[in-house]
Amino acid sequence: MSDKLSEGLERLGLPVSGEQLDKLRLYARMVLEFNKGYNLMKAKDEDEMAVSHLLDSLAPLEHIRKLAERMSSAGTSPSLADIGSGGGCPGIPLAVMMEGYPFTLVERMEKRAAFLESVRTALSLQNVRILTLQAEKVSPESFDIALFRAFHPFDHKTTKTLLSLVRKGGYLAAYKARAEKIAAEMDAVKDLVPSYQKISLSVPFLEDHERNLVLVSKL
């Protein structure tokens, strides 16, 4: 793969081992190969895959890691989930970089779930499991941190479903774009989510694209 991945990780200030870098590169190659028949995500080449998906997934890594570490220090062994995982972003890149934490990739489509299982095996990701289910059918309060990147906008149905999956004291973490759109979405569900935190992100090579992480705590 081009140097954009390693350069981008350096710009993000993320230490990465050779093994982790190899896994991220293998994952990217698998996506590009399977994209031909599965249409997993928009990526025409290695550079676009590295920037638009891997680096975008990893831009909030330190914020997510801090949440997990805070829970660990409080005596909770946090479990994380990627809801509507699709081709595996952000779940796979985060799991590669956070090897000490368990990740569940929730994906309802069997073909995509089969792809995720092949990635899990190829990358020897012992901290990952694949759950082939609709989000609505996942057992309530299954996770401490539920992430989603391209699942759905925040609306009443989606917000209720996602909040139901999170244990008390846990978090929803949503990858989002423009602040004004976030404000409109969150205003529409303020009866369910009276407060939230918006964290500005900078994705290497996409600095002109506004990216934010929205955190919702479940009290």
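These values consider heavy atoms only, across backbone and side chains, with no hydrogens, waters or symmetry-generated copies. Note that the coordinates shown come from a computational prediction; the quantities given were computed from them, not determined experimentally.
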(message) Run the side chain to side chain contact (heavy atoms under 4.5 Å, CB included) test on V166 and F143 for me, step by step, so that the C-alpha distance in whole Å, both residues' side-chain angles and the decisive distance to 0.1 Å come before the verdict.
(response) CA-CA 5 Å; V166 179; F143 313 112; 5.6 Å; no
(message) Determine whether M186 and K198 satisfy the following criterion, side chain to side chain contact (heavy atoms under 4.5 Å, CB included), listing intermediate values before the conclusion.
(response) CA-CA 11 Å; M186 301 312 290; K198 180 179 70 67; over 6 Å; no
(request) Search all heavy atoms of V106 against all heavy atoms of L133 and return the closest pair with its distance. (result)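 Nearest heavy atoms, V106 then L133: CG1-O, 3.5 Å.
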Should the pair [X]-[Y] be classified as a salt bridge under the 4.0 Å nitrogen-to-oxygen rule?
X: D56; Y: R149; result: yes
X: E62; Y: R65; result: yes
X: E46; Y: K4; result: no
X: R108; Y: E136; result: no
X: R29; Y: E33; result: no
X: K168; Y: E141; result: no
X: R120; Y: E117; result: yes

(request) Tell me, with the steps shown, if L192 and H156 meet side chain to side chain contact (heavy atoms under 4.5 Å, CB included). (result) CA-CA 8 Å; L192 298 174; H156 269 79; 3.6 Å; yes
Examine distances only and state if a side-chain atom of [X] and a backbone atom of [Y] form a donor-acceptor pair shorter than 3.5 Å.
X: N35; Y: L40; answer: yes
X: Q20; Y: G18; answer: no
X: Y101; Y: P78; answer: no

(message) Distance check, rounded to the nearest 0.5 Å: L201 atom CG versus L55 atom CG?
(response)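 It is 12.5 Å, given to the nearest 0.5 Å.
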(request) Inspect the surroundings of CD in E110 and state if more than 12 heavy atoms from other residues, nucleotides or ligands are less than 6.0 Å away. (result)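 No, the 6.0 Å shell around CD holds no more than 12 heavy atoms from other groups.
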(message) With side chain to side chain contact (heavy atoms under 4.5 Å, CB included) as the criterion, how do L163 and V216 come out once you've worked through the C-alpha distance, each side chain's angles and the decisive distance to 0.1 Å?
(response) CA-CA 9 Å; L163 283 172; V216 176; 4.3 Å; yes
(request) For the pair F148 and F154, name the ring-plane relationship: parallel under 30°, tilted 30 to 60°, perpendicular over 60°. (result)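 Ring orientation, 0 to 90° scale: perpendicular.
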